[in-house]
Q: 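Input: one structure, supplied below.
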Number of protein chains: 2
Amino acid sequence: MIMTITMPSIRITTQKIKILEYLWSVNHHPTADEIYSEVKKDLPAISLATVYRNLHSLAEEGDIQKIEVNKEFRFDGDISPHQHCVCKKCGNISEIFSKDIARHSMQNAETEDFEPHSVKTIFHGICRECK
Amino acid sequence: MIMTITMPSIRITTQKIKILEYLWSVNHHPTADEIYSEVKKDLPAISLATVYRNLHSLAEEGDIQKIEVNKEFRFDGDISPHQHCVCKKCGNISEIFSKDIARHSMQNAETEDFEPHSVKTIFHGICRECK
DNA sequence: CTTTGTGCAAACGGTTTGCAACCTA
DNA sequence: TAGGTTGCAAACCGTTTGCACAAAG
């Protein structure tokens with residue numbers, strides 16, 4: 001008896017490529033809806049559901065980062081470890097690229113009760129423009 | 001001409017008190033819905049909307065903490081600075097009380113582009129029971 | 001040719017809101 | 001008694017899902 005193990009292969013589609021390219025081209029943290037309307041300019045037939053499905057799988061694969069702010073997901077094409085700064089006034093999200101913060105937090109989080117795999121550090125405050 | 005400045009006064013209601021007491025009595029991080037059904041045992045007529053409104057104002061006043069995990073808010077009666085650990089498997093939330101993590105993060109976050117007021121540090125990993 | 005991904009539209013689920021009645025201060 | 005608060009039900013809105021068709025490998 002021959003047993004074949006088939007692994008669920010992931011396909012590369014035009015939609016997924018366009019979404020990724022858009023996220024790479026941009027220097028802020030768009031919502032799914034914003035990604036949808038931008039990619040729609042190139043791919044008029046694309047649906048919101050497809051955008052969501054791709055964003056989900058891309059995040060699962062670790063190709064993009066998913067940030068949750070105010071009941072809404074935002075997406076980041078930059079997967080290097082960094083922290084986010086949310087402005088209380090305008091809602092804008094900027095970044096801090098500190099290896100120290102992540103490392104220090106992780107080191108101090110290790111206990112016998114919990115095994116940390118990753119940290120998310122989000123600062124709330126006021127951005128330069130709103131100050 | 002006499003000008004009177006009326007400040008919007010906040011009232012203390014039975015509902016608000018019960019919600020606060022429940023949050024203080026509990027050592028986990030309930031959802032609005034869980035708070036609702038618990039408080040409902042004492043106050044059968046209370047509505048979910050009231051729970052949400054009170055949780056919102058309590059969080060605004062700084063009397064409780066609001067944590068956002070998986071598109072859902074969770075509430076914490078403990079307002080001392082601490083970090084949260086979310087288990088990837090069971091979804092349970094535990095805590096770490098490290099003054100160091102918050103302090104170190106804040107110190108490293110200060111730039112000319114952003115003025116941090118608070119940090120939220122969330123670890124994702126595996127809890128003791130799921131290990 | 002098989003199997004994963006897509007578009008559409010309807011469903012979902014946590015949260016918010018409008019409004020009249022109610023209750024604090 | 002004034003105006004903040006409540007209960008109810010309906011609206012909201014970002015996200016997910018079922019299904020038949022399209023397209024990638």
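Lettering of chains follows the sequences in order, A, B, ..., and the numbering in each one begins at 1.
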Q: What's the CD1-P distance between A:I35 and D:dG14, to the nearest Å?
A: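 These atoms are roughly 14 Å apart.
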
Q: Tell me yes or no: between the side chains of A:D76 and A:H84, is some donor less than 3.5 Å from an acceptor?
A: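 There is such a pair between these side chains.
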
Q: If you fit an axis to the five pairs at each end of the helix from C:dC1-D:dG25 to C:dA25-D:dT1, how big is the angle between those two axes, to 10 degrees?
A: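 Angle reported: 50°, given to the nearest ten degrees.
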
Q: Apply side-chain hydrogen bond (donor to acceptor under 3.5 Å, both in side chains) to residues B:Q65 and B:H29 and explain how you reach the verdict.
A: CA-CA 10 Å; B:Q65 230 182 307; B:H29 303 77; over 6 Å; no

Q: Of all heavy-atom pairs between B:I96 and A:N108, which one has the smallest distance, and what is that distance?
A: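 Between these two residues, the closest heavy atoms are CG2-O, 4.4 Å.
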
Q: Nucleotide by nucleotide, 5' to 3', does protein get under 4.0 Å of the base (B), only the sugar-phosphate (S), or neither (-) in nucleotides 15-25 of chain D, counting heavy atoms?
A: BBBB----BBS

Q: CD of B:E34 versus P of C:dG13: gap in Å, rounded?
A: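 After rounding, the gap between these two atoms is 18 Å.
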
Q: Atom NZ of B:K16 and atom P of C:dT24: how far apart are they, to the nearest Å?
A: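 Spelled out: NZ on B:K16 to P on C:dT24 is 13 Å.
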
Q: If only side-chain N and O atoms count, and only distance matters, is there a donor-acceptor pair under 3.5 Å linking B:D78 with B:S80?
A: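 B:D78 and B:S80 do have a side-chain donor-acceptor pair below 3.5 Å.
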
Q: Could you check how far CG of A:D42 sits from C1' of C:dT6, rounded to whole Å?
A: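 Whole-Å distance recorded here is 17 Å.
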
Q: Kindly say if B:N70 contacts the phosphate of C:dG14, meaning a side-chain N or O under 4.0 Å from OP1 or OP2.
A: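 No, outside the criterion.
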
Q: Looking at B:S98, is its backbone amide N or carbonyl O close enough to the side chain of B:Q83 to form a donor-acceptor pair, meaning the two atoms are under 3.5 Å apart?
A: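 At least one qualifying donor-acceptor pair exists.
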
Q: Would you kindly give the CD1-to-P distance between A:I17 and C:dG5, to the nearest whole Å?
A: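 In whole Å, C:dG5 P and A:I17 CD1 are 13 Å from each other.
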
Q: Quick one: A:Y36 OH to D:dG14 P, roughly how many Å, whole number?
A: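 Taking OH of A:Y36 and P of D:dG14, I get 13 Å after rounding.
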
Q: What is the distance, rounded to the nearest whole Å, between atom CD of B:E60 and atom C1' of C:dT16?
A: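 My rounded result for the distance is 14 Å.
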
Q: Without decimals, in angstroms, what is the distance between B:Q15 CD and C:dC23 P?
A: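 Atom-to-atom, B:Q15 to C:dC23, this comes out as 9 Å.
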
Q: For a quick test of reading the model: is some side-chain N or O of A:T50 closer than 4.0 Å to OP1 or OP2 of C:dG7?
A: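 Answer yes for this pair, as a side-chain N or O of A:T50 is under 4.0 Å from OP1 or OP2.
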
Q: Provide the closest heavy-atom pair for A:I93 versus A:V86 in the form atom of the first, atom of the second, distance.
A: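 Distance-wise, the nearest heavy atoms are CG1-CG2, 4.2 Å.
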
Q: Check B:Y22, B:Y36, B:F75 against B:V51 for a side-chain contact (heavy atoms from CB on, under 4.5 Å) and give me the one that passes.
A: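 With B:V51 as partner, side-chain contact (heavy atoms from CB on, under 4.5 Å) holds for just one option, B:Y36.
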
Q: Can you find a heavy atom in the side chain of B:E61 that is under 4.5 Å from one in the side chain of B:I10?
A: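 They are in contact (side-chain heavy atoms under 4.5 Å apart), so the answer is yes.
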
Q: Looking at every heavy atom in both A:I126 and A:C87, which two are closest together, and how far apart are they?
A: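 So the two residues come closest at CA-SG, 4.1 Å.
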
